[in-house]
Trainee: 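Supplied in structure tokens, the structure appears directly below.
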Amino acid sequence: AYAAEFDFAAVVPMSAKNGQGVDILLSEAEKYTVEMPWLFPEDMITDQPDRQIAAEIIREKLLRSLAKEIPHGIAVELEQFFERDNKNGEPIIEVNAVIYCEKQSHKGVVIGKGGAMLKKVGTLAREDIEEFFGCKCNLKLWVKVKADWRNKDKALKQFGYNDF
């Protein structure tokens, strides 16, 4: 239907489930690529600071683990993020994070029965943080309510959303 309405260079039916048509899509996309020098150093994988990466890993685990409406009212703020050596002289990252939700009822859902949801999210996030940074991580999470934070400029700025 769209092909009849618009003058596309190509229309490529494909399936993400079984990969059918992906090779055709890549072939079509390759026609428009232009070789250029690297814009960033070859070993640089992101321009985001380490604190932001850790906070986003925690937020991603919340998005994947919680009911549909709750994660969109959640912000993660790192209170502490630093690297130190453990007693064996190996590096370890210390992360203390607060998960803010908009409603008291959401706080209970984030924590879960007996703390099960918070433990699950913490474990998943810690594993990804360790993999990303290549060392052990001591992750501590707290959950607090900041009512209607998404509609308050000060809170948006506090959570790093002031550019939106």
Trainee: Looking at K120 and S65, what are the two nearest heavy atoms and their distance?
Mentor: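 Heavy atoms of K120 and S65 come nearest at CE-OG, 3.8 Å.
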
Trainee: Considering all heavy atoms of both residues, which atom of A10 and which atom of E28 are nearest to each other, and what is their separation?
Mentor: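 Nearest heavy atoms, A10 then E28: CB-OE1, 3.3 Å.
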
Trainee: Of all the heavy-atom pairs spanning A155 and K146, show the shortest one and how long it is.
Mentor: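 So the minimum-distance heavy-atom pair works out to CB-CD, 4.1 Å.
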
Trainee: Using 0.5 Å steps for rounding, measure from the CG atom of L63 to the CD1 atom of I74.
Mentor: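 Result: 7.5 Å between the selected atoms.
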
Trainee: Can you tell me if CG on N88 sees more than 12 non-hydrogen neighbours from other groups inside 6.0 Å?
Mentor: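 Atom CG in N88 is packed in, count exceeds 12.
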
Trainee: Once you round to the nearest 0.5 Å, how far does CD1 of I53 lie from CD of E60?
Mentor: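 If we round to the nearest 0.5 Å, I53:CD1 and E60:CD are 11.5 Å apart.
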
Trainee: Which atom pairs, one a donor and one an acceptor, fall under 3.5 Å between side chains of residues 37-51 and the rest of the protein, sequence neighbours left out?
Mentor:
from, atom 1, to, atom 2, distance (Å)
T46, OG1, Q48, N, 3.1
R51, NH2, L78, O, 2.7

Trainee: Mark yes when over 12 heavy atoms from residues, nucleotides or ligands other than E79 sit less than 6.0 Å from its CD; otherwise mark no.
Mentor: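 Counting neighbours around CD of E79, more than 12 heavy atoms of other residues, nucleotides or ligands fall under 6.0 Å, so yes.
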
Trainee: Just verifying a value: how many Å separate I99 CD1 and I58 CD1, rounded to the nearest 0.5 Å?
Mentor: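 The CD1 atom of I99 sits 7.0 Å away from the CD1 atom of I58.
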
Trainee: Any side-chain heavy-atom pair from D128 and K61 closer than 4.5 angstrom?
Mentor: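 Yes, at least one pair of side-chain atoms sits under 4.5 Å.
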
Trainee: Mind checking the CD-CG spacing from E56 to L62? Nearest 0.5 Å is all I need.
Mentor: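 These two atoms lie 10.5 Å from each other.
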
Trainee: Which heavy atom of A125 sits nearest a heavy atom of L139, and at what distance?
Mentor: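 In terms of heavy atoms, the two residues are closest at CB-CD2, 3.8 Å.
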
Trainee: Could you identify which residues cluster with Y2, counting Ile, Leu, Val, Met, Phe, Trp and Tyr as linked when any side-chain heavy atoms lie under 4.5 Å apart, either directly or through a chain of such contacts?
Mentor: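 Its cluster mates, by chain and number, are F6, F8, V11.
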
Trainee: Applying salt bridge (Lys or Arg N to Asp or Glu O under 4.0 Å), name anything that partners K87, two or more places apart in sequence or on another chain.
Mentor: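 Partners of K87 under the salt bridge (Lys or Arg N to Asp or Glu O under 4.0 Å) test: none.
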
Trainee: Could you list the residues that satisfy side chain to side chain contact (heavy atoms under 4.5 Å, CB included) with E5, not counting sequence neighbours?
Mentor: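 Scan of E5 (side chain to side chain contact (heavy atoms under 4.5 Å, CB included), adjacent residues dropped) gives none.
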
Trainee: Starting from L124, walk the hydrophobic network (Ile, Leu, Val, Met, Phe, Trp, Tyr; side-chain heavy atoms closer than 4.5 Å) and list everyone else you reach, by chain and number.
Mentor: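 Members other than L124 - counting any ILVMFWY side chain reachable under 4.5 Å - there are none.
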
Trainee: Could you measure the distance from the CD atom of E77 to the CG atom of N96? Nearest 0.5 Å is fine.
Mentor: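 Here the interatomic distance stands at 12.0 Å.
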
Trainee: Please enumerate all residues that pass salt bridge (Lys or Arg N to Asp or Glu O under 4.0 Å) together with E83, with sequence neighbours excluded.
Mentor: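 Not a single residue meets the salt bridge (Lys or Arg N to Asp or Glu O under 4.0 Å) criterion with E83.
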
Trainee: Considering residues at least two apart in sequence or located in another chain, which fulfil the side chain to side chain contact (heavy atoms under 4.5 Å, CB included) criterion with T123?
Mentor: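 For T123, the residues satisfying side chain to side chain contact (heavy atoms under 4.5 Å, CB included) (neighbours in sequence not counted) are K119, R126, E127.
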
Trainee: Running the 4.5 Å side-chain criterion over Ile, Leu, Val, Met, Phe, Trp and Tyr, what cluster does L25 land in, apart from itself?
Mentor: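 Cluster partners of L25: V12, M14, V22, I24, L26.
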
Trainee: I'd like to check the side chain to side chain contact (heavy atoms under 4.5 Å, CB included) partners of N138; sequence neighbours left out, ordered by chain and number.
Mentor: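 Once residues adjacent in sequence are excluded, the partners of N138 under the side chain to side chain contact (heavy atoms under 4.5 Å, CB included) criterion are I92, E94, K140.
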
Trainee: Does T33 have any side chain to side chain donor-acceptor pair (under 3.5 Å) partners at least two apart in sequence or in another chain, and if so, which?
Mentor: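 Counting only residues at least two positions away or on another chain, T33 forms no side chain to side chain donor-acceptor pair (under 3.5 Å).
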
Trainee: Tell me, do L156 and W149 make a side-chain contact under 4.5 Å, heavy atoms counted?
Mentor: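 Yes, close enough: below the 4.5 Å cut-off.
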
Trainee: Taking only residues two or more places apart in sequence, or in another chain, which ones meet N18 in a side chain to side chain contact (heavy atoms under 4.5 Å, CB included)?
Mentor: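 By the side chain to side chain contact (heavy atoms under 4.5 Å, CB included) rule, N18 matches S15, Q20.
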
Trainee: Take the angle between the ring planes of F159 and Y100 and call it parallel below 30°, perpendicular above 60°, tilted in between.
Mentor: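 Aromatic pair F159/Y100 classed tilted.
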
Trainee: Looking only at heavy atoms, what is the nearest atom pair of C135 and I93, with distance?
Mentor: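 C135 and I93 have their closest heavy atoms at SG-CG1, 3.6 Å.
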
Trainee: Sequence neighbours excluded, which residues qualify as side chain to side chain donor-acceptor pair (under 3.5 Å) partners of Q104?
Mentor: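 Q104 satisfies side chain to side chain donor-acceptor pair (under 3.5 Å) with no residue once adjacent residues are dropped.
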
Trainee: Identify the heavy atoms of V143 and C101 that sit nearest to each other, and give their distance.
Mentor: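 Closest approach of V143 to C101, heavy atoms only: CG1-SG, 4.1 Å.
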
